[in-house]
Amino acid sequence: MNFKFSIDRAVQQLLPVAEKNNIQTVWDRFKAQQPQCGFGKLGVCCRICWKGPCRVDPFGNGPQRGVCGADAHTIVARNLIRGIAAGAASHSDHGRHIAMALFEVGEGHASAYKIKDEAKLQQVAKRLGIKTDGKNLQQIAKEVATVSLDDFSRQNAKVPCQWAVSTMTKERAEKLSNLGVMPHNIDAAVAEIMSRTHVGCDADPVNILLGGLKGALADYTGMYLSTELSDVLFGTPQPSVTSANLGVIKENAINIAVHGHNPLLSEIVCDAALLLNDAAKKAGAAEGFNIVGICCTGTEVMMRHGVPLATNYLSQEMPILTGALDAMVVDVQCIMPSLGVIKECFHTELITTMPTTKIPGATHVEFTEEKAMDAAKQILELAIEAYQRRDPKRINIPQYKETAVVGFSAEAIIGALSKLNPEDPLKPLLDNIVNGNIQGIALFAGCNSTNVVQDQNFIEIAKRLAANNVLLLATGCGAGAFSKHGLMTQEATLKYAGEGLKAVLTAIGEANGLNGPLPLVLHMGSCVDNTRAISVAVAVAQKLGVDLNKLPLVVSAPETMSEKAMAIGTCAVSLGLTTHLGTIPQVTGSKVVTEILTDKLKDLVGGYFLVETDPEKAAEKLLSVIEEKRKGLNI
Ligand code: NFS
């Protein structure tokens with residue numbers, strides 16, 4: 001087996017197991033797809049109507065327009081923003097679900113849930129302009145949920161989404177409103193993209209891309225409320241020590257992986273596992289239930305409960321190959337349909353839970369807020385049954401696991417900084433940015449992709465930036481990569497951080513009683529939690545009296561692939577941030593679209609996409625952006 005697919009040693013150990021058992025993994029299927037369609041890669045294939053499919057000849061010899069007359073620029077722009085719409089729909093559907101659950105709690109229903117962070121609820125209410133005097137928690141919860149749900153249903157286009165305008169700098173909100181890209185309704189922004197890209201509608205690539213910006217800001221709105229309302233219901237993450245990689249699966253426990261994105265079910269699975277732990281022991285598992293995470297659902301429970309992470313997106317099939325995973329419970333998004341095939345070769349029970357995400361081969365246990373605990377218990381019972389079928393001879397758990405210090409919500413970061421300066425917690429951060437101990441900040445986000453060696457770009461770029469005193473933040477599968485490879489540890493700080501960065505992380509760590517520095521990469525959560533990083537950036541920008549595009553802050557999505565990532569990236573750019581992509585977006589068939597995304601947007605919103613597939617060069621380019629921003633601030 002060729003090991004160039006992943007730098008994760010646990011994956012390397014299990015790929016031969018797959019081969020031996022005749023199991024196709026994501027990498028085998030990727031190979032079988034070669035050569036992939038060149039037209040699709042360039043974004044010049046249009047399948048929007050049934051006169052097609054049409055494609056434009058990128059070399060200029062063949063047809064330059066589709067049957068309806070759409071040229072490459074129109075086709076590429078339409079394809080891109082349809083992806084953004086899908087991403088925005090996914091994140092915000094997740095947000096709607098959380099908001100609805102909060103509403104139910106406010107109504108006194110959904111007994112499995114309660115408000116775990118009252119202070120956050122008050123703070124969110126205040127931000128949304130909700131008066132709280134004399135109201136009890138339930139009333140406030142209901143009003144916060146109602147105002148949040150208004151962002152999905154408002155028909156007055158003159159009133160912007162409240163979660164968007166209340167969370168960015170004033171200048172940014174004005175700029176985006178003046179450009180006509182501030183959404184007034186998340187669902188309407190998604191619907192607008194679908195309608196304007198229908199056959200015979202918007203053909204102007206610039207106008208189409210502006211629609212994409214609006215969709216990305218709808219995505220921002222949905223992500224922001226997902227994170228904040230999840231904190232209200234499940235608690236705001238605080239630092240804790242846990243571990244990551246397949247070594248977290250235990251031979252003497254009933255192992256259950258929670259996978260997907262929405263914490264509504266996984267939270268209750270964790271609660272139920274504690275309640276029913278004796279049943280697992282009675283079934284013969286000395287250590288009871290062992291819950292482990294995959295993708296962003298994994299990240300959500302990792303951030304709040306220190307649940308260890310089994311793996312990130314691209315290697316999601318591997319936990320089944322250990323022969324010791326008894327159940328995989330999935331909710332929504334980033335779940336490979338192949339799991340339903342692979343689990344047939346082992347004893348693992350694959351359990352779908354959402355009516356919109358069913359997978360052939362899986363057992364479906366429908367999840368509802370009202371009966372959340374019942375569903376969780378049923379899932380645990382299925383896991384116990386599967387455990388009885390486990391074949392000890394087939395167990396092969398790669399003994400790789402790294403310590404990971406996680407849980408760096410914005411509140412946790414400000415809390416840690418306040419130990420240095422209780423009156424003005426941001427001051428130590430700003431002082432160290434100004435004096436150059438910290439040159440800048442990089443937020444790593446996004447997925448893994450078969451287009452690159454798994455995790456490699458993340459690790460290489462991060463090490464390079466850290467050596468150059470860039471403070472590193474991470475979310476989503478990027479954070480998964482760093483946790484699996486030991487970069488969320490104090491040791492990594494001592495080993496890889498430049499002197500200035502090391503001094504700052506040590507000062508903060510010591511002030512917080514950690515007997516050493518903060519970890520090299522701060523885990524800020526799942527992909528919707530990119531908004532946690534934005535909230536810190538907005539606070540810093542406001543304190544400096546500048547807009548976000550002036551900050552020495554860059555975003556890097558070096559292994560990105562999903563439509564959600566397209567939406568997040570475009571959202572970061574719309575907020576004014578330089579955003580690196582390490583995989584080539586499917587837009588290069590249009591010179592116009594490519595130029596807008598990588599250059600012209602800079603004039604319009606301050607942010608732009610920086611595409612660089614070579615990790616070393618990418619790090620260099622990100623460092624020059626940071627340097628340029630520092631110059632702009634005269635520091
Ligand atoms: Ni983000 Fe999370 Fe991972 Fe990519 Fe998928 S799990 S929401 S989309 S693959 S980072």
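Counting starts at 1 for both ligands and their atoms, following the listed order. Computed over heavy atoms, backbone and side chain alike; hydrogens, waters and symmetry mates excluded.
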| message | Let me check your reading of the structure: within less than 2.8 Å of atom 3 (Fe) of ligand 1, is there an N/O/S atom from C296? | response | no
| message | Is the ring pair F482/F458 parallel, tilted or perpendicular, if the boundaries are 30 and 60 degrees? | response | perpendicular
Atoms of ligand 1 less than 4.0 Å from [X] heavy atoms?
X	value
Y313	9 (S)
S562	8 (S)
C527	1 (Ni), 2 (Fe), 7 (S), 10 (S)
C295	6 (S)
C334	5 (Fe), 6 (S), 8 (S), 9 (S)
G446	10 (S)
M561	9 (S)

Side chain to side chain donor-acceptor pair (under 3.5 Å), paired with [X], selected from [options]:
X	options	result
H261	K564, E300, H91, H94	K564
R532	T227, D231, T236	D231
K621	H580, E616, E612	E612

Side-chain donor/acceptor of [X] to backbone N/O of [Y], under 3.5 Å:
X	Y	value
T531	I534	no
N79	C45	yes
D151	S148	no

| said: At under 4.0 Å between heavy atoms, is it the side chain or the backbone of C477 that contacts ligand 1, or both, or neither? | reply: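 Both backbone and side chain of C477 come within 4.0 Å of ligand 1.
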| request: Answer side chain, backbone, both or neither: which part of H261 comes under 4.0 Å from ligand 1, heavy atoms only. | output: side chain
| query | Do you see an N/O/S atom of C447, backbone or side chain, under 2.8 Å from atom 4 (Fe) of ligand 1? | reply |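 It does: C447 brings an N, O or S atom closer than 2.8 Å to atom 4 (Fe) of ligand 1.
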| field | Short side-chain donor-acceptor distance under 3.5 Å, N290 and N255 | value |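 Checked: N255/N290 side chains pair up, N/O donor to acceptor below 3.5 Å.
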